[in-house]
Amino acid sequence: MDVTETLNDGLKREYKIVLTAAELDEKVTQKLKDAQPEVQMKGFRKGKVPLAMLRKQFGKSVLGEAMQETIDEAINSKMEETGDKPAMQPDVKMVNEDWKEGDDVEVTLSYEKLPEIPEANLDGLKVEKLVVKAAEPDIQEALESLAAQTQDFEVKKGKAKNGDQVVFDFVGKIDGEPFEGGSAEDFPLVLGSGNFIPGFEAQLVGVKAGDNKNVEVSFPEDYQAEHLAGKPAVFECAVKEIKSAKPASIDDALAEKMGAETLDGLKTQISERLEAEYAEATRMVMKRGLMDELEKRVDFEVPQQLLDAEAKQIAHQLWHEENPDVEGHNHGEVEPTEEHISLAQRRVKLGLYLAEVGSVKDIEVTDAELQQAVMREAQKYQGQERAYFEFVQQNQGALQQLRAPIFEDKVVDHILESAEVAEKEVSKDDLQKAVEALEA
């Protein structure tokens, strides 16, 4: 077999592979000989079928198999020889498309290899870390929000208004017939909460205890129950009680409802939660600062194939964010802009660099870390956690999507260990502006 390099330009490589007819025939003959002891045909004892008959019976299928195996062996051998790691799946094409048995086989192998990643000079690497403390007004705001969420209601006379709780029985009907899941008794609904179908709560404003009210609404077109989506319905409502919200009290009783022993204990919990949220945001800002510094210090050629694929993905994702009403991918091709290409260049370069650092430093994502990520993600699918677990176990791509950010964060932490991190105390508003700047 003859393998000749036909292109060596930057990261691009191309080889011409020629498998002679004699070599291919030898390979086929050997495969038939290897299979001969196990073959049994009518009129012959097992293992005694003549080679010529085997070739006539199985020659064509073995020929294709032998051709594929030999070409794959040649490709793998060349990769081992050069040490190249293709950036994407290599492109293998048949040169003589009119090939027939007895001809030499000619194919081309072309790919872009991953670049050699130089070790970046991290001397003098400085990163700023914003620090935000939970301020008393923020803690008080959180307390007031909790009190509002856990407020009690007391029976009142008169008509219901927004903010009041209406206790009622209802029966929902479509075309005059009750539908499954459309009925309830003694249901408490806070008017203005937005918990019911759009337009439902507004029609209960002004009712009083003892009233019967028919509420006419239409289910949204995107309603989760497909058999109800877009359909008009009538809810026959029997109002039993109108209740007004009692003034929320911020005291030890509220703390006990929230699982704390005292109000001071609840304040401490809120402070810790707020500062944990701030810490997550400050890490995002610090990570961006680190990436900005690394981009200045890391320099190597990026595979064009990776750059093109990333730019298209960015353009496609941003297009869908700007066109949220379009579901699926049944739309015209989205052409990347210069801005998309620039962002792709940064992402690919830094991604390759972080991957190299992680490889050199033997940084790995543990099974426990990956399992925790799976569990966190599963919590987003309430009621369907088991189905999500099964999906992830059967989908290596989904697992990789969960593993990648964990790996990246661990590499970032490793790099930060050698950086000079300067803490800067700022306000919550300053942190918010810094986060908004990232999104911009």
Side-chain angles (χ1 to χ4, degrees), residues 11 13 65 68-69 71-80 82-93 109-117 284 287 291 302-321 327-330 333-334 336 340 343-415:
L11 301 176
R13 298 290 184 272
E65 183 180 320
Q68 187 64 56
E69 283 184 4
I71 291 172
D72 288 345
E73 289 170 3
I75 293 173
N76 293 334
S77 176
K78 177 52 67 174
M79 294 300 178
E80 290 179 8
T82 62
D84 290 349
K85 295 179 180 179
M88 297 184 74
Q89 183 68 27
D91 185 25
V92 181
K93 291 182 179 179
L109 165 69
S110 56
Y111 59 90
E112 275 190 290
K113 71 169 190 170
L114 289 175
E116 297 291 331
I117 311 295
M284 289 170 53
K287 184 177 176 180
M291 293 301 184
V302 172
Q304 189 65 42
Q305 287 178 314
L306 291 182
L307 179 59
D308 291 344
E310 184 68 22
K312 287 181 179 178
Q313 181 177 340
I314 291 170
H316 189 262
Q317 178 182 344
L318 293 178
W319 187 91
H320 273 283
E321 290 179 5
E327 298 182 1
H329 307 292
N330 187 23
E333 185 174 353
V334 182
H340 298 149
L343 179 56
Q345 175 82 15
R346 171 188 169 99
R347 284 189 183 179
V348 172
K349 179 176 290 187
L350 291 177
L352 289 174
Y353 173 72
L354 294 179
E356 178 68 12
V357 172
S359 176
V360 171
K361 301 301 180 181
D362 294 324
I363 297 173
E364 296 182 349
V365 176
T366 66
D367 291 341
E369 290 168 334
L370 186 57
Q371 187 64 24
Q372 289 173 3
V374 171
M375 293 178 66
R376 285 194 300 270
E377 190 68 18
Q379 291 173 358
K380 299 177 182 178
Y381 303 89
Q382 293 186 4
Q384 299 179 342
E385 291 88 348
R386 180 180 294 275
Y388 177 78
F389 278 120
E390 292 175 355
F391 166 75
V392 169
Q393 294 301 323
Q394 298 171 7
N395 191 318
Q396 288 300 312
L399 275 177
Q400 180 56 29
Q401 287 182 345
L402 293 175
R403 181 184 287 106
I406 303 173
F407 175 80
E408 182 175 293
D409 279 343
K410 294 183 76 169
V411 176
V412 166
D413 287 339
H414 172 80
I415 296 174

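The first residue of the sequence shown is numbered 1, and numbering continues consecutively from there. Everything numeric in this text was worked out from a predicted model, so none of it was measured.
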* Asked: Of V411, I117, L114, which is the lone residue that meets side-chain contact (heavy atoms from CB on, under 4.5 Å) with E356?
  -> I117

For [X] against [Y], the heavy-atom pair lying closest together:
{"X": "P336", "Y": "A315", "result": "CA-CB, 3.9 Å"}
{"X": "A87", "Y": "L306", "result": "O-CD2, 3.7 Å"}
{"X": "A311", "Y": "A344", "result": "N-CB, 3.5 Å"}

* To do: Verify, without hydrogens or angle tests, whether E112 (side chain) and Q305 (backbone) share a donor-acceptor contact under 3.5 angstrom.
  => yes

* Working for side-chain hydrogen bond (donor to acceptor under 3.5 Å, both in side chains), residues Q371 and D367 -> CA-CA 6 Å; Q371 187 64 24; D367 291 341; over 6 Å; no

Test item: [X] and [Y] side chains (from C-beta on) under 4.5 Å apart, heavy atoms:
{"X": "Y111", "Y": "I75", "answer": "no"}
{"X": "E310", "Y": "L343", "answer": "no"}
{"X": "L399", "Y": "V374", "answer": "yes"}
{"X": "I71", "Y": "L109", "answer": "no"}
{"X": "Q317", "Y": "E321", "answer": "yes"}
{"X": "H320", "Y": "V334", "answer": "no"}
{"X": "M79", "Y": "P86", "answer": "yes"}
{"X": "E408", "Y": "K287", "answer": "yes"}

* **ring pair (Phe, Tyr, Trp, His ring centres under 6.0 Å) partners for H414, two or more places apart** => none

* K380: salt bridge (charged side-chain N to carboxylate O under 4.0 Å, His left out) partners, not counting sequence neighbours -> E377

* **Partners passing salt bridge (charged side-chain N to carboxylate O under 4.0 Å, His left out) against D72 (at least two apart in sequence or in another chain)** => none

* **Stepwise side-chain contact (heavy atoms from CB on, under 4.5 Å) test for I415 and L354** => CA-CA 9 Å; I415 296 174; L354 294 179; 3.8 Å; yes

Enter the distance from [X]:[atom1] to [Y]:[atom2] here, rounded to the nearest 0.5 Å.
{"X": "T366", "Y": "I406", "atom1": "OG1", "atom2": "CD1", "value": "8.0 Å"}
{"X": "Q400", "Y": "F407", "atom1": "CD", "atom2": "CZ", "value": "9.5 Å"}
{"X": "Q313", "Y": "D308", "atom1": "CD", "atom2": "CG", "value": "13.0 Å"}
{"X": "H340", "Y": "H316", "atom1": "NE2", "atom2": "NE2", "value": "12.0 Å"}
{"X": "Q345", "Y": "L350", "atom1": "CD", "atom2": "CG", "value": "9.5 Å"}

* Result of checking K410, R376, R403 against E369 for salt bridge (Lys or Arg N to Asp or Glu O under 4.0 Å) -> K410

* E364 atom CD: more than 12 heavy-atom contacts under 6.0 Å -> no

* To do: Verify side-chain contact (heavy atoms from CB on, under 4.5 Å) between F389 and M375, making sure each step is shown before the conclusion.
  => CA-CA 8 Å; F389 278 120; M375 293 178 66; 4.1 Å; yes

* Verify side-chain contact (heavy atoms from CB on, under 4.5 Å) between R13 and T82, making sure each step is shown before the conclusion. => CA-CA 11 Å; R13 298 290 184 272; T82 62; over 6 Å; no

